[in-house]
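A, B, ... follow the sequence lines: proteins, then strands. Residue 1 opens every chain.
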Protein chains: 2
Amino acid sequence: MAHPIADVEDTAFEACDEGRALVRDVLERVGDKWSVVVICQLADTTRRFNELRRMSEPITQRMLSATLRGLERDGLVTRTVHDTKPPRVDYALTPRGFSLLEVVRALAGWAEANAAGIVHARTAFDARGLGASDLRRGPAA
Amino acid sequence: MAHPIADVEDTAFEACDEGRALVRDVLERVGDKWSVVVICQLADTTRRFNELRRMSEPITQRMLSATLRGLERDGLVTRTVHDTKPPRVDYALTPRGFSLLEVVRALAGWAEANAAGIVHARTAFDARGLGASDLRRGPAA
DNA sequence: CCGTATCCGGAACGATACTG
DNA sequence: CAGTATCGTTCCGGATACGG
């Protein structure tokens with residue numbers, strides 16, 4: 001990760017241009033349907049699989065499994081298997097996971113603060129005539 | 001977690017449980033492939049359509065159009081049409097758009113800071129035997 | 001209890017061609 | 001220059017059934 005050449009007036013933001021693929025990578029993690037939910041459930045304490053399953057309803061087994069695996073792969077959660085009578089597996093956030101949680105909290109905070117405004121803007125925009133357009137099939141409904 | 005009712009112990013984070021649909025909504029905006037890119041390009045100044053197109057390569061016309069429309073719908077960017085000889089349309093961030101930019105910056109900063117660690121964790125995880133699993137098709141390849 | 005394998009619908013995205 | 005319409009593909013995510 002080396003800077004190509006000095007950027008004189010980067011008052012703004014270099015990460016936007018520089019490691020776009022990199023940032024997109026993280027955004028996809030955060031943008032998928034369940035990662036953030038699971039991370040939040042692990043904010044306080046370590047959890048077991050079906051515990052997470054119940055808390056994250058209506059998540060499916062498949063998606064929880066896949067989500068946890070993705071988080072584990074990125075070093076955001078740890079998976080520990082206890083060899084007890086009925087098998088027991090604990091999931092917990094790693095330090096990196098916690099640091100991501102902080103950022104996600106900021107995002108969630110922004111969402112809460114701006115939810116009303118966004119909803120209002122949407123209804124206003126939708127009310128303002130737009131007959132029909134196949135382009136709605138762009139990003140986010 | 002023994003309390004049957006009452007959310008007495010919300011020491012942690014209510015937004016995680018409370019407005020999950022709401023937060024997910026914002027996350028989807030942020031998580032789509034181009035919204036963040038476009039927002040970053042508008043960080044400094046107002047931009048025209050093909051200007052954004054070039055800066056955001058390899059975005060397609062269709063996706064840029066759809067992305068901008070989504071952002072406009074949510075009140076994150078404004079669209080101003082100038083009735084000049086060759087038509088000219090300017091896009092710019094709204095105050096709400098700027099506030100989102102701030103949060104996105106934090107996220108991008110986190111991405112930069114943890115990129116190396118994540119890549120390392122991934123290769124390590126992938127190296128650790130996992131023969132084959134269709135579950136990789138979970139969130140985020 | 002803790003997962004994995006298989007099937008499948010629909011949404012997101014890209015490529016291309018056309019319009020004002 | 002600034003879009004829209006149409007088509008095709010890829011891939012996410014839900015339902016279900018099975019295995020350790």
Side-chain angles (χ1 to χ4, degrees), chain A residues 24-25 27-38 46-73 77-91 129-141, chain B residues 24-25 27-38 46-72 77-92 129-141:
Chain A
R24 260 243 305 126
D25 212 50
L27 266 330
E28 275 174 16
R29 268 250 127 281
V30 160
D32 82 55
K33 200 169 184 183
W34 300 108
S35 289
V36 169
V37 175
V38 171
T46 184
R47 304 277 185 196
R48 293 167 50 188
F49 187 86
N50 279 326
E51 201 172 354
L52 287 170
R53 180 154 163 51
R54 265 178 274 107
M55 297 176 74
S56 307
E57 250 160 328
I59 197 176
T60 61
Q61 261 187 350
R62 186 176 112 68
M63 288 319 292
L64 179 56
S65 191
T67 300
L68 286 169
R69 204 165 268 258
L71 294 173
E72 187 193 359
R73 190 171 104 99
V77 309
T78 58
R79 187 188 118 110
T80 21
V81 183
H82 298 104
D83 237 32
T84 56
K85 279 234 304 179
R88 176 204 179 102
V89 182
D90 283 335
Y91 292 92
L130 275 103
S133 185
D134 195 25
L135 267 179
R136 311 293 177 65
R137 292 179 323 141
Chain B
R24 260 242 308 126
D25 211 50
L27 267 329
E28 274 173 18
R29 268 249 128 281
V30 160
D32 80 57
K33 200 169 183 183
W34 299 109
S35 288
V36 169
V37 176
V38 171
T46 184
R47 302 279 186 194
R48 294 167 49 187
F49 187 87
N50 280 326
E51 203 172 351
L52 287 170
R53 180 155 164 50
R54 264 178 275 107
M55 298 175 73
S56 307
E57 249 159 325
I59 196 175
T60 61
Q61 263 187 349
R62 189 179 113 69
M63 288 317 292
L64 178 55
S65 193
T67 299
L68 286 169
R69 208 164 262 260
L71 294 173
E72 188 193 357
V77 311
T78 58
R79 187 187 117 109
T80 21
V81 184
H82 298 106
D83 237 33
T84 56
K85 279 246 300 178
R88 177 205 179 101
V89 182
D90 284 335
Y91 292 92
L130 276 101
S133 184
D134 195 24
L135 267 179
R136 310 297 179 67
R137 291 182 333 153

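T67(A) places a side-chain N or O within donor-acceptor distance of the main-chain N or O of M63(A), the cut-off being under 3.5 Å.
Take the nearest nucleotide of DNA chain D for G31(A) and for P87(A): the residue whose nucleotide is more 5' is G31(A).
Put simply, Y91(B) has no side-chain N or O that comes within less than 4.0 Å of OP1 or OP2 on dC1(D). Between dA12(C) and R62(B), no contact under 4.0 Å exists linking OP1 or OP2 to a side-chain N or O. Taking 4.0 angstrom as the limit, K85(A) places none of its side-chain polar atoms (N or O) nearer than this to OP1 or OP2 of dC1(C). Proximity of S65(A) to the phosphate of dT4(C): a side-chain N or O atom is located under 4.0 Å from OP1 or OP2.
For I59(B) and dG14(C), the CD1 to P distance is 8 Å, given to the nearest whole Å. In this entry the distance linking CZ of R29(A) with P of dC12(D) reads 11 Å, nearest Å. Computed from coordinates, the L64(B) CG to dA5(D) C1' distance equals 17 Å when rounded to whole Å. Distance CD (E72(A)) to P (dT4(C)): 10 Å, rounded to an integer number of Å. A straight line from CE of M63(B) to P of dT4(D) spans 13 Å, rounded to a whole angstrom. Between the CZ atom of R69(B) and the P atom of dA2(D) there is a distance of 15 Å, given to the nearest Å. Note: CD (E57(B)) to C1' (dA15(C)) measures 15 Å, nearest angstrom. At whole-Å resolution of the value, CG in L52(A) and P in dC1(C) are 14 Å apart.
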L71(B) and V38(B): CA distance, side-chain angles, deciding distance, side-chain contact (heavy atoms from CB on, under 4.5 Å) verdict:
CA-CA 9 Å; L71(B) 294 173; V38(B) 171; 4.0 Å; yes
Go through N50(A) and R53(A) one step at a time and tell me if the side-chain contact (heavy atoms from CB on, under 4.5 Å) criterion holds.
CA-CA 5 Å; N50(A) 279 326; R53(A) 180 154 163 51; 3.6 Å; yes
Determine whether L52(B) and L64(B) satisfy the following criterion, side-chain contact (heavy atoms from CB on, under 4.5 Å), listing intermediate values before the conclusion.
CA-CA 8 Å; L52(B) 287 170; L64(B) 178 55; 4.1 Å; yes
Apply side-chain contact (heavy atoms from CB on, under 4.5 Å) to the pair R79(A) and L68(A), showing each step before the final yes or no.
CA-CA 9 Å; R79(A) 187 188 118 110; L68(A) 286 169; over 6 Å; no
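Comparing dC13(C), dG3(C), dG13(D) by their nearest atom to the side chain of D32(B) picks out dC13(C). Listed candidates were dG3(C), dT4(D), dC1(C). Nearest to the side chain of Q61(B) is dT4(D). Picking from dC1(D), dG14(D), dC13(C) the nucleotide with the shortest atom distance to the side chain of P86(B) gives dC1(D). Comparing dC1(C), dA2(D), dT4(C) by their nearest atom to the side chain of V89(B) picks out dA2(D). Closest to the side chain of F49(A), out of dG3(D), dA15(C), dC2(C), is dC2(C).
No contact: R53(B) has no heavy atom under 4.0 Å from any strand.
When the local axes at the two ends of the helix from dC1(C)-dG20(D) to dG20(C)-dC1(D) are compared, using 5 base pairs at each end, they differ in direction by 40° after rounding to 10°.
E51(A) approaches R48(A) most closely through the heavy-atom pair OE1-N, 2.9 Å. Contact detail for R29(A) and S35(A): the closest heavy-atom pair is NH1-OG, 3.1 Å.
Counting heavy atoms from C-beta outward, P87(A) and V81(A) have side chains that stay 4.5 Å or more apart.
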